[in-house]
Amino acid sequence: MSKPSLARGTRDFGPEQMVRRNFIFDTIRRSFQRYGFLPLETPAFENLSVLMGKYGEEGDQLLFKILNSGDFKSKTNEQDWLGPYKPLTQKISEKGLRYDLTVPFARYVVMNRGTLVMPFKRYQIQPVWRADRPQRGRYREFYQCDADVVGTDSLLCEAEIVGLLHAILPELGIQDFTVKINNRKVLTGIATMIGASGQEGPLCVAIDKLDKIGKEKVKEELLQKGFHQDSLTLLEPIFELAHSQNPFADLKSWLSSSEVAMQGIAELEEVWKLVNIAGIPNPKIQFDVTLARGLSYYTGAIFEVKANGVQIGSISGGGRYDNLTGTFGVPGISGVGISLGVDRIYDVMEELGLFPDSAQATTQLMLTNFDRQAFEYGVGLLAKLRNAGINTEIYPDSVKLKKQLDYADRKQIPYVVLIGSEEIQSGLLTLKHMQTGDQQKLDIAGIIAALAH
RNA sequence: GAGGUUGUAGCUCAGUUGGUUAGAGCGCUAGAUUGUGGUUCUAGAGGUCGCGGGUUCGAGACCCGUCUUCCUCCCCA
């Protein structure tokens with residue numbers, strides 16, 4: 001009785017949207033394969049033990065948890081229901097919807113490490129779910145397109161990611177974008193340097209907002225989070241780096257005492273070098289110390305891609321994680337990957353008017369029919385036309401011609417064939433071009449020839 | 001998770017300080033046109049006013065709750 005509705009933050013994709021989305025998926029998939037990545041799919045939901053603790057506290061909260069089926073209540077006692085919700089959640093929910101594709105991938109690698117060809121390169125295009133508040137460009141169900149390499153420390157992988165992005169985005173029509181790159185090791189070094197070792201989490205979150213809220217607000221936030229005034233003084237050089245001509249050199253002199261930071265800088269320089277050798281013309285990469293990213297598992301390079309000229313969050317993000325498989329008991333497998341957000345890319349393309357109009361019509365030719373006899377005659381022609389490579393359909397009811405033509409018009413079908421008793425007798429069918437209204441009498445071979453080119 | 005905002009026909013929206021039978025445009029259906037769509041004309045169908053309570057003689061309008069929309073935080077694709 002009640003009106004149907006969509007769950008919050010979810011959407012249907014109609015035929016028109018799907019044609020466009022498939023264009024994006026196909027483009028991304030083609031490039032992934034061209035770079036040697038193999039396809040993988042994992043289940044929509046995982047055991048919570050796999051998911052929990054991988055995305056930080058915030059992430060755990062944003063996980064969609066699945067209520068145990070059956071009598072979940074029987075395994076709890078009265079005290080569970082009186083106490084806080086988190087311990088109770090653990091007792092009544094053991095599974096959750098995946099939050100990203102990287103963690104399930106790490107799980108897969110660990111479970112199949114004996115059989116995988118290392119380094120293992122996989123791509124994965126599937127929806128993920130997050131229980132946060134929907135906004136523009138933010139949904140509770142959305143698709144990610146991931147490409148990851150595990151089992152090698154080579155910084156070529158980082159450079160290849162830059163290459164991938166420079167292959168995919170322009171092919172979608174997105175010419176003006178920036179690949180922001182940073183390295184977690186640099187951030188770790190900075191944290192140690194200012195005497196806030198181990199505090200890079202909150203430090204990153206605050207620094208990340210520099211270009212949004214400005215230097216003073218960042219300092220304010222850090223003080224609130226318990227950083228000492230001395231730390232802030234030591235942190236001062238970071239604010240100059242944003243405008244630096246040669247940021248790597250400045251970083252090196254500032255952080256010379258930190259071994260970790262120096263390694264991070266060396267990695268960054270190597271990535272820049274490899275990108276140049278790889279010959280990507282005019283690479284749109286930018287070093288950004290303030291780039292932090294909240295996902296807690298990153299340990300090396302960090303990426304984020306912004307489409308310029310639109311008010312939509314980042315369309316892609318990624319980085320290197322040294323110990324993601326370690327949390328599943330198999331340390332020492334380093335990985336690096338990138339994730340493209342199809343839904344945001346769609347929004348960007350729509351805002352920039354990058355979708356071609358034509359992509360929509362799939363039917364090229366429709367047969368009309370005036371009566372039962374014409375209907376049967378038309379049905380008999382379908383295979384011939386389709387075998388000739390023409391996307392063909394016949395109107396399924398012998399209703400008024402007006403209605404049939406109206407249908408063809410609305411579906412933007414370019415050609416219609418009129419079949420009546422006259423046509424059946426002569427074998428000459430009327431081919432009508434919907435846009436111009438031109439009609440000509442042709443036999444079936446003539447129609448196929450007319451539509452062939 | 002915090003704060004704000006929105007919801008009336010399939011769509012976009014009117015609806016006065018609470019007052020009788022809730023409107024328009026577009027779209028839809030049928031006809032004008034028994035073998036010709038996109039233009040025009042005519043007629044028609046379509047609404048538990050998001051949902052649930054409350055105030056009132058009377059609620060689309062006021063109050064409370066809830067869901068949803070969009071926005072700012074938080075965080076992210």
Side-chain angles (χ1 to χ4, degrees), chain A residues 1-11 24 28 55-63 85-86 99-102 125-146 201-202 204-206 208-209 212-213 217 221 291-296 298 302-307 311-319 337-348 366 368-371 374 395 398-424 429-439:
Chain A
M1 282 299 275
S2 62
K3 286 178 189 170
S5 61
L6 284 170
R8 175 177 223 188
T10 65
R11 299 142 304 151
I24 299 174
I28 292 171
Y55 310 105
E57 241 178 84
E58 190 87 24
D60 284 354
Q61 214 165 12
L62 294 179
L63 275 170
Y85 77 95
K86 280 181 184 173
Y99 179 92
D100 72 356
L101 302 178
T102 310
I125 300 178
Q126 288 189 276
V128 302
W129 295 269
R130 295 182 188 179
D132 64 358
R133 282 228 174 149
Q135 275 177 47
R136 176 171 174 74
R138 171 176 303 196
Y139 310 97
R140 300 180 101 179
E141 178 186 61
F142 59 97
Y143 272 74
Q144 289 195 329
C145 304
D146 277 33
C204 288
V205 169
D208 194 31
K209 292 178 204 158
K212 235 189 215 172
I213 61 177
K217 292 268 182 187
E221 183 171 329
L291 174 62
R293 295 184 56 77
L295 255 45
S296 52
Y298 292 120
I302 319 169
F303 300 99
E304 194 159 290
V305 182
K306 180 88 185 63
Q311 290 285 51
I312 290 167
S314 63
I315 55 176
S316 177
I338 189 76
S339 176
L340 289 131
V342 173
D343 304 84
R344 285 192 179 171
I345 289 173
Y346 185 101
D347 290 346
V348 167
M366 187 190 84
T368 65
N369 64 93
F370 297 116
D371 49 30
Y395 197 88
S398 300
V399 296
K400 274 196 270 191
L401 193 59
K402 173 185 166 76
K403 198 163 183 179
Q404 300 188 37
L405 287 173
D406 190 52
Y407 171 85
D409 186 43
R410 295 188 52 182
K411 259 187 97 169
Q412 295 178 44
I413 298 170
Y415 289 96
V416 162
V417 165
L418 307 179
I419 303 173
S421 55
E422 199 183 298
E423 280 86 352
I424 294 172
L429 310 178
T430 305
L431 178 67
K432 180 182 175 78
H433 184 59
M434 292 295 280
Q435 233 165 41
T436 61
D438 292 344
Q439 295 187 185

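Each chain gets a letter, A, B and so on, in the order its sequence line appears, and its residues count up from 1. Predicted model, so just to flag it, every value in this text is computed and none were measured.
- At least one side-chain heavy atom of Tyr415(A) sits under 4.5 Å from a side-chain heavy atom of His433(A).
- Rounded to whole Å, atom P of A77(B) lies 9 Å from atom CG of Asp146(A).
- Distance Asp100(A) CG to A77(B) C1': 10 Å, rounded to the nearest Å.
- Here the C1' atom of nucleotide U29(B) and the OH atom of Tyr407(A) are 18 Å apart, to the nearest Å.
- Every residue meeting the side-chain contact (heavy atoms from CB on, under 4.5 Å) condition with Lys209(A), not counting sequence neighbours, appears here in chain and number order: Val205(A), Ile213(A), Glu221(A).
- Atom-to-atom, OH of Tyr55(A) to C1' of C76(B) comes out at 13 Å; the value is rounded to the nearest Å.
- Here, U29(B) and U66(B) have their P atoms 42 Å apart, quoted to the whole Å.
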Show me the protein contacts with nucleotides 1-3 of chain B, counting only N or O atoms at under 3.5 Å.
from	atom 1	to	atom 2	distance (Å)
A2(B)	N6	Arg133(A)	NH1	3.4
G3(B)	O6	Arg133(A)	NH1	3.3

Give every pair of a protein N or O atom and an N or O atom of nucleotides 66-69 of chain B that lie under 3.5 Å apart, one pair per line with the distance.
from	atom 1	to	atom 2	distance (Å)
U69(B)	OP1	Gly9(A)	N	3.4
U69(B)	OP2	Arg8(A)	NE	3.3

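- At distances below 3.5 Å, not a single donor-acceptor pair connects side-chain atoms of Asn369(A) with backbone N or O atoms of Ile419(A).
- What separates CG of Asp347(A) from P of C70(B) is a distance of 11 Å, to the nearest Å.
- The ring-ring contact (aromatic ring centres under 6.0 Å, His included) test applied to Phe370(A) returns no partner, not counting sequence neighbours.
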Annotated protein contacts, base or backbone, on nucleotides 32-43 of chain B with a non-hydrogen cut-off under 4.0 Å, one of B, S, - each: ---BBBB-----
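- Listed here is the closest heavy atom pair of Arg344(A) and Ser314(A): NH1-O, 3.0 Å.
- What separates CD1 of Ile125(A) from P of A77(B) is a distance of 17 Å, to the nearest Å.
- Residues satisfying the side-chain hydrogen bond (donor to acceptor under 3.5 Å, both in side chains) criterion with Ser421(A), sequence neighbours excluded, are absent altogether.
- Remark: Tyr139(A) pairs with no residue by the ring-ring contact (aromatic ring centres under 6.0 Å, His included) rule, at least two apart or across chains.
- Taking the 5.5 Å centre cut-off and the 30° plane limit, the aromatic side chain of Phe142(A) is classed as stacked on A77(B).
- For RNA chain B, the stems formed by at least three consecutive Watson-Crick or G-U pairs, with both atom-pair distances below 3.5 Å, span B:1-4 with B:70-73, B:10-13 with B:23-26, B:28-32 with B:40-44, B:50-54 with B:62-66.
- In this view, Asp371(A) satisfies the salt bridge (charged side-chain N to carboxylate O under 4.0 Å, His left out) rule with no residue, not counting sequence neighbours.
- At least one side-chain heavy atom of Leu418(A) sits under 4.5 Å from a side-chain heavy atom of Leu401(A).
- Among the heavy atoms of the strands lying under 4.0 Å from Lys209(A) are primed sugar atoms or P, OP1, OP2 only; no base atom is included.
- For Glu141(A), the side-chain contact (heavy atoms from CB on, under 4.5 Å) partners are Thr10(A), Pro127(A), Trp129(A), not counting sequence neighbours.
- Put simply, CD1 on Ile28(A) and CD1 on Ile345(A) are 4.5 Å apart, with the number rounded to the nearest 0.5 Å.
- G37(B) and U33(B) have their C1' atoms separated by 13 Å, given to the nearest Å.
- The two atoms that bring Arg136(A) and Ile312(A) nearest to each other are NH2-CD1, 3.9 Å, heavy atoms only.
- Taking the ring-ring contact (aromatic ring centres under 6.0 Å, His included) definition, one finds that Phe303(A) meets it with nothing, sequence neighbours left out.
- Checked against ring-ring contact (aromatic ring centres under 6.0 Å, His included), Phe142(A) has no partners two or more places apart in sequence or in another chain.
- Using a 4.0 Å heavy-atom cutoff across all strands shown, Tyr139(A) reaches at least one base atom of the nucleic acid.
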